[in-house]
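No hydrogens, no waters, no symmetry mates; every other heavy atom, side chains included, goes into these values. These figures come from a predicted structure and were not determined experimentally.
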Amino acid sequence: MFSQRTLKSAVRAVGVGLHSGERVTLVMKPAPVDHGIVFARSDLPGSRLFKVGPDLVNDTRLSSTLVDGDVRIGTIEHLMSSFAGLGIDNVLVEVDAPEMPIMDGSAAPFIYLIQSAGIVDQNAPKRFVRVLKTVEVVDGDKWVKLTPHDGYKITLTIDFQHPAFKRSAQTVELDFANTNYVSEISRARTFGFIHEVEYMRMHGLARGGSMENAIVIDEYRVLNEGGLRFEDEFVRHKVLDAIGDLYILGQPLIAAFSGYKSGHAMNNKLLRALLADPTSYEIVSFDKREDVPSSFHDLPPLSI
């Protein structure tokens, strides 16, 4: 049986919120079979528990944010991306603020935390969402789509008319049958233009943003000492975001995802379009490991 996974033990970290600039405490705890990925506000006792699903993402202006009335948990996509990359199905995530800590702007610190906690198999089959026919969302010149594929593959193009981007590839195609998420995706950082950061701060946002947790670009170049972690780090971070946004489905996709100038809003609309047509997908699990698409064979090893 290809099994569900959770953490071996609880793990805690403290960081800063990207927009508030305030201290955020994050705690991740093991969870039982079929619990799913659930977020909670530990500073608001009695508030709703958010079991991830596309319908709860009701703010995509700057990140993927879970919203229920006045209760918010923002910037969940990097942590969700790390859960996808490590095959985590069941976990309780508690934060004491309205947004996740930004850490270094990538998923790598979350990968470290999860691996420090350990990963264990559970006595229940992992469920996948297999896409059966093409689902597409178009908005002007932007588009995203899911197509049937016996595995997991992402093709993504960004389009920035800026000197720093013209020196970097803006298209990437990654088949996870031969791509390692931890080494090739998780370290790619979020990015922003310095004039946008200044504008957001004037409006009470990005108070926690710095070159410690983002790639910062002026009119001509990357300002961070040491430059980029990957030659094509910009588009790889968009892949990291897409993986996290798509994992808000709550189960891994067996499909090919492709997009042009996609973002959180488009990714969420795509999931909603998929779920709106029951003939476009099926839920599957596998009794034998050899029947599982090879894209999922390279999940990192479990704790001993």
Please tell me if the side chains of [X] and [Y] come closer than 4.5 Å, counting only heavy atoms from C-beta onward.
X	Y	answer
Pro98	Arg41	yes
Leu253	Leu274	yes
Arg48	Leu56	yes
Val129	Ile283	yes
Leu223	Ile217	no
Phe83	Ile37	yes
Val93	Phe50	no
Met28	Leu7	yes

Indicate yes or no for a side-chain donor-acceptor contact from [X] to the backbone of [Y] under 3.5 Å, with no hydrogens or angles considered.
X	Y	result
Asp68	Val71	no
Arg236	Glu184	yes
Asp232	Gln170	no
Thr65	Ile73	no

For the pair Asp175 and Lys153, find out whether any cationic side-chain nitrogen is under 4.0 Å from an anionic carboxylate oxygen.
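Salt bridge absent between Asp175 and Lys153.
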
Does Tyr281 have Arg130 sitting over its ring (NZ/CZ under 6.0 Å from centre, angle to axis within 45°)?
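Output no; distance or angle outside limits.
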
Please identify each residue that fulfils salt bridge (charged side-chain N to carboxylate O under 4.0 Å, His left out) with Asp141, with sequence neighbours left out.
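Salt bridge (charged side-chain N to carboxylate O under 4.0 Å, His left out) check on Asp141 returns Lys261.
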
Enumerate the salt bridge (Lys or Arg N to Asp or Glu O under 4.0 Å) contacts for residues 87-106, please, sequence neighbours excluded, ordered by first and then second residue.
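Only Lys29-Glu94, Asp89-Lys126, Asp104-Arg229 qualify under salt bridge (Lys or Arg N to Asp or Glu O under 4.0 Å).
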
Once salt bridge (Lys or Arg N to Asp or Glu O under 4.0 Å) is applied, what residue pairs with a partner in residues 78-87 remain, sequence neighbours excluded?
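Output for this query is empty, none listed.
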
Quick one: do the [X] and [Y] side chains pair a donor with an acceptor below 3.5 Å?
X	Y	answer
Asp241	His78	yes
Lys142	Ser262	no
Thr60	Asn268	no
Ser258	Thr155	no

Counting neighbours of [atom1] on [X] that are heavy atoms of other residues, nucleotides or ligands and sit closer than 6.0 Å, is the number greater than 12?
X	atom1	value
Glu282	CD	yes
Tyr260	OH	yes
Glu212	CD	no
Asp291	CG	yes

Phe193 and Phe160 aromatic ring geometry - parallel, tilted or perpendicular at 30°/60° bounds
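Aromatic pair Phe160/Phe193 classed tilted.
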
Does the pair Arg72 and Asp59 meet the rule for a salt bridge (Lys or Arg N to Asp or Glu O under 4.0 Å), with working shown?
CA-CA 9 Å; Arg72 303 167 61 87; Asp59 187 347; 2.5 Å; yes

Could you check Arg189, Lys238, Arg187 and say which one makes a side chain to side chain donor-acceptor pair (under 3.5 Å) with Glu233?
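Among Arg189, Lys238, Arg187, the one that satisfies the side chain to side chain donor-acceptor pair (under 3.5 Å) with Glu233 is Arg189.
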
Consider side chain to side chain donor-acceptor pair (under 3.5 Å). Of Asn123, Asn90, Asp121, which one does Gln4 pass it with?
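Of Asn123, Asn90, Asp121, side chain to side chain donor-acceptor pair (under 3.5 Å) with Gln4 is met by Asn90 alone.
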
Set of residues satisfying side chain to side chain donor-acceptor pair (under 3.5 Å) with respect to Ser42, sequence neighbours excluded:
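Partners of Ser42 under the side chain to side chain donor-acceptor pair (under 3.5 Å) test: none.
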
Among all residues two or more places apart in sequence or in another chain, which pass the side chain to side chain donor-acceptor pair (under 3.5 Å) test with Lys269?
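None.
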
Apart from Tyr220 itself, what residues make up its hydrophobic cluster, given side-chain heavy atom links below 4.5 Å?
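The other cluster members (ILVMFWY side chains, heavy atoms under 4.5 Å, direct or chained): none.
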
Do [X] and [Y] belong together in a cluster built from hydrophobic side chains that touch within less than 4.5 Å?
X	Y	result
Ile76	Val38	no
Val57	Leu275	yes
Tyr247	Leu92	no
Val120	Val27	no

When rounded to the nearest 0.5 angstrom, what distance separates [atom1] in [X] from [atom2] in [Y]?
X	Y	atom1	atom2	answer
Ile119	Ile88	CD1	CD1	4.5 Å
Met266	His264	CE	NE2	13.0 Å
Asp150	Ser294	CG	OG	7.5 Å
His237	Ile158	NE2	CD1	10.5 Å
Met103	Leu113	CE	CG	5.0 Å
Ser186	Ile111	OG	CD1	5.0 Å

Working for side-chain hydrogen bond (donor to acceptor under 3.5 Å, both in side chains), residues Ser81 and Tyr181:
CA-CA 9 Å; Ser81 189; Tyr181 173 86; 2.7 Å; yes

Determine whether the aromatic ring centres of Phe2 and Phe296 lie less than 6.0 Å apart.
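Ring-ring flag for Phe2/Phe296: false, centres at least 6.0 Å apart.
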
Close aromatic pair by centroid cut-off 6.0 Å: Phe286 and Phe128:
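That pair passes the under 6.0 Å test.
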
